[in-house]
Amino acid sequence: MNDPGKHFKKAPAKSRAIRHIPKASKGHFVGELVYNNGGQPQRLGFASLGEHNAALCLIYRSDFLDIEEQLAALPFISPDGGMSKHFFDFRFTNTGGHRTCISVKPERIARTYNYRSLIAQVRKAAIGNICDDVKTITERNIRPEELHNAKLFHAARDPEPILDEAISGHLSKQSDPIYIHDFLERAGIGGSGFFSVIRAIRTKRVDLLTKGKITGQTLIVSKGAA
């Protein structure tokens, strides 16, 4: 039931990083991912696994509007009184227009006195200037189920019109809660329709009744049952 013609996609817009991200780095996880920013695919660079995971979790938040990576240097007064500069990894903007500058750090660094002192000074320079808030994201802030679901939404980000329409039609007739696996089997579509259900979840066409990681055993209920 996949669309044999496969819809044509726009070329991804280039990364908006101001600070250079190397194309490759020995011992470091660097690269780019492409996400759908409205109707325009957008490239986003990352310089560590932590940045990659944080970016996915931010992009697939329900209040996501925009994300920029590797901002321009922000001058600030360091804890010792000298002038310095800080590079934020991301600036996240939510649907309410609130902008949060984000630094991604390993927990072992983020919890040190030196880092906490430094980021306090950075915060003073950033808020009201380039953002409304400053946050640090570490591996402790990223819940495994949140990352799992973000990766799933990302993998299913591109629509498959014919398959999605078929899934939508079956959802409109599904009035009772049902496990995703059972729904796909009942619809006669099977595993090929899993990503279509994920897109329906993402667009709020379907509610989740099972919390945590989304799998075939997740219980769903359609909002559009007849």
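- The backbone N or O of N94 sits nowhere less than 3.5 Å from a side-chain atom of R61 that would complete a donor-acceptor pair.
- Of the possible polar contacts, none joining the Q217 side chain to the L219 backbone as a donor-acceptor pair under 3.5 Å is found.
- The six-membered or imidazole ring of H181 lies away from that of F183, with a centre-to-centre distance of 6.0 Å or more.
- Checked against a 6.0 Å centroid threshold, the rings of Y35 and H154 do not count as neighbours.
- Taking both residues in full, the closest heavy atoms of A110 and T138 are given as CB-CG2, 3.5 Å, listed atom of the first, atom of the second, then distance.
- The CG atom of N53 lies 4.5 Å from the CG atom of L147; values are rounded to the nearest 0.5 Å.
- Put simply, the side chain of R199 gets close to the backbone of A156: a donor and an acceptor are under 3.5 Å apart.
- A salt bridge does not link E145 with K213: none of the charged nitrogens is closer than 4.0 Å to a carboxylate oxygen.
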task: Carefully, step by step, assess D66 and R16 under the rule salt bridge (charged side-chain N to carboxylate O under 4.0 Å, His left out).
output: CA-CA 12 Å; D66 194 22; R16 291 179 287 173; 2.7 Å; yes
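- Between L118 atom CG and D80 atom CG the span is 9.5 Å, to the nearest 0.5 Å.
- Going from atom CD1 of I130 over to atom CD of E68 covers 9.5 Å, rounded to the nearest 0.5 Å.
- Between D132 and R91 there is no salt bridge, since no side-chain N of the basic residue sits under 4.0 Å from a carboxylate O of the acidic one.
- Closest approach of R205 and S172 over heavy atoms only: NH2-N, 3.5 Å.
- Between the CG atom of L58 and the CD atom of E146 there is a distance of 8.0 Å, given to the nearest 0.5 Å.
- A continuous path of ILVMFWY side-chain contacts below 4.5 Å connects L44 to L49, so both sit in one hydrophobic cluster.
- Here the side chain of T93 pairs no donor or acceptor atom with the backbone of G97 at under 3.5 angstrom.
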